[in-house]
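Note sheet for the following structure.
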Amino acid sequence: MTIIRKAAVQAGELIDDLLEFSRLGRQGVSFRSVMMTDLVREAADEVRMVPEGRRIDLVVGELPPCRGDHRLLKLVWINLLTNAFKYTKNRNEARVEVGWMPDDASAEGITYFVKDDGIGFDMKYVHKLFGVFQRLHRKEDFDGTGVGLAIVQRIVQRHGGRVWAEGKVNGGGHILFLPRKSHGMMNVMEILLIEDNPEDVEITLRAFQKYQLANKIHVVRDGEEALECLFGTGRI
Amino acid sequence: MILLDLKLPKVDGIEILQRCKSDPRTKRIPVVVLTSAREERDLADSYNFGINSYVVKPVNFLKFTESVRQIGLYWILLNQLPLEIHPERQMS
């Protein structure tokens, strides 16, 4: 009886995941500002996995917010974290790290990632990773429906972005995604910086640049210039 | 958005602020004062004229960068602005 019940549960999970997957294509998305760090924490709370005798060290960095669909992005994190927790089963003490890095290619992109030190995978099969039902590990060894990463990819693509993976056999996995929407990803805002101290101007401009707050920044050094900029010929 | 240092040569920061907030073309633009001093007088005047925020520049370079980051993240990503920032016409 136990075997049949287990199969039924698994089939149920599979159907749920498939429904979720197909639903993604049809549902509307609503884009707004998303506080990613909070979202990751919410997702982590929802990933209810009871590791027997295991300890998972989840490190969540200070993630920049992005513009996207709150519900869908949460699903991304739930799937990525579920995978990370699952594929570190081989270790008693596992480390899962969630972080971000600026995108080399574009000024506006931010790449988020989930890194684990678990069983990893062979890069030879990386192209299979995001396919529906594609599994790189045996079902007996690792539970799951094989749809999780396909869902992640579908969602990230709806945000106009891309997801990719890096891994090593027994060397952990690293899933990265760049949820960039092609138009108006970040709020484009024109900023007038009225500052006479050149060092402060420099620091301020660098800070905007460093944190991917891509915007048009006009700098004026004194009150007269400021008024001219605002009310004169060059209107903000 | 306007990032305004109060200590400016030629025309004082408070005067800029007053001009901005009294002109219908510019009064919706959020003004964040980013200045070196925290003088009660400046704070009172600034808020009287309707600034949106007052931030004192940290002396430490790293903390300054962090402040700018937080200001940017808040005003650019979290805060909502009306679509028409510069109302051109008077509503009759």
Side-chain angles (χ1 to χ4, degrees), chain A residues 31-38 62-68 100 102 108 110 184-232 235-236, chain B residues 1-37 51 55-83 85-86 88:
Chain A
F31 283 83
R32 57 182 168 99
S33 295
V34 176
M35 297 287 124
M36 282 303 236
T37 308
D38 293 338
E62 183 78 39
L63 308 175
C66 76
R67 204 157 179 80
W100 73 284
E108 300 165 4
I110 289 171
M185 164 86 215
M186 306 273 238
N187 277 350
V188 177
M189 211 164 144
E190 275 191 78
I191 298 171
L192 176 62
L193 173 60
I194 310 176
E195 174 61 68
D196 69 322
N197 182 320
E199 273 162 25
D200 289 349
V201 169
E202 183 69 29
I203 298 175
T204 307
L205 291 179
R206 287 243 190 104
F208 272 102
Q209 200 182 37
K210 178 177 181 189
Y211 294 107
Q212 313 292 309
L213 302 164
N215 284 281
K216 275 177 75 179
I217 306 183
H218 306 263
V219 183
V220 293
R221 315 279 167 154
D222 62 56
E224 230 170 66
E225 261 186 69
L227 291 176
E228 173 61 35
C229 194
L230 286 162
F231 301 105
R235 276 274 311 278
I236 287 284
Chain B
M1 174 170 86
I2 296 173
L3 285 173
L4 176 64
D5 183 2
L6 294 179
K7 307 273 170 279
L8 293 171
K10 294 185 196 164
V11 183
D12 179 47
I14 295 287
E15 201 190 309
I16 310 276
L17 174 61
Q18 196 181 355
R19 290 282 304 266
C20 280
K21 289 299 177 182
S22 55
D23 191 315
R25 294 170 297 171
T26 51
K27 73 188 221 182
R28 287 188 186 179
I29 305 174
V31 176
V32 173
V33 167
L34 187 55
T35 197
S36 8
I51 54 165
V55 177
V56 177
K57 289 186 225 170
V59 173
N60 176 287
F61 158 77
L62 286 171
K63 290 187 182 159
F64 188 158
T65 302
E66 176 60 22
S67 295
V68 174
R69 171 179 169 255
Q70 290 199 29
I71 292 169
L73 288 177
Y74 177 79
W75 286 102
I76 295 166
L77 290 171
L78 189 55
N79 182 66
Q80 298 296 321
L81 286 173
L83 285 173
I85 261 282
H86 308 291
E88 293 285 353

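These numbers were taken from a predicted model, which means no experiment stands behind them.
In this structure, CG in A:N197 is found 5.5 Å from NZ in B:K57, a value given to the nearest 0.5 Å. With rounding to the nearest 0.5 Å, the separation of CD in A:E62 from CD in B:E66 is 7.5 Å. Rounded to the nearest 0.5 Å, atoms CG (B:L4) and CD1 (A:I194) are 5.0 Å apart. Atom OG1 of B:T65 and atom CZ of A:F208 lie 11.5 Å apart (nearest 0.5 Å). Put simply, CZ on B:F64 and CZ on A:R206 are 12.5 Å apart, with the number rounded to the nearest 0.5 Å. With rounding to the nearest 0.5 angstrom, the CD atom of A:E195 is 8.0 Å from the OG1 atom of B:T35.
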What pairs of donor and acceptor atoms, side-chain ones from residues 6-20 of chain B against any protein atom, are under 3.5 angstrom apart with sequence neighbours left out?
from, atom 1, to, atom 2, distance (Å)
B:K7, NZ, B:D42, OD2, 3.1
B:K10, NZ, A:D222, OD2, 3.3
B:D12, OD2, B:I14, N, 3.4

Candidate pair B:F61 and A:E199, rule side-chain contact (heavy atoms from CB on, under 4.5 Å), full reasoning: CA-CA 10 Å; B:F61 158 77; A:E199 273 162 25; over 6 Å; no
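For B:V55, the side chain to side chain contact (heavy atoms under 4.5 Å, CB included) partners two or more places apart in sequence, or in a different chain, are B:V32, B:L34, B:S53, B:I71.
Only the backbone of A:R221 comes within contact range of chain B, with at least one heavy atom under 4.5 Å from a heavy atom of that chain.
Heavy atoms of other residues, nucleotides or ligands lying less than 6.0 angstrom from NZ of B:K21 number more than 12.
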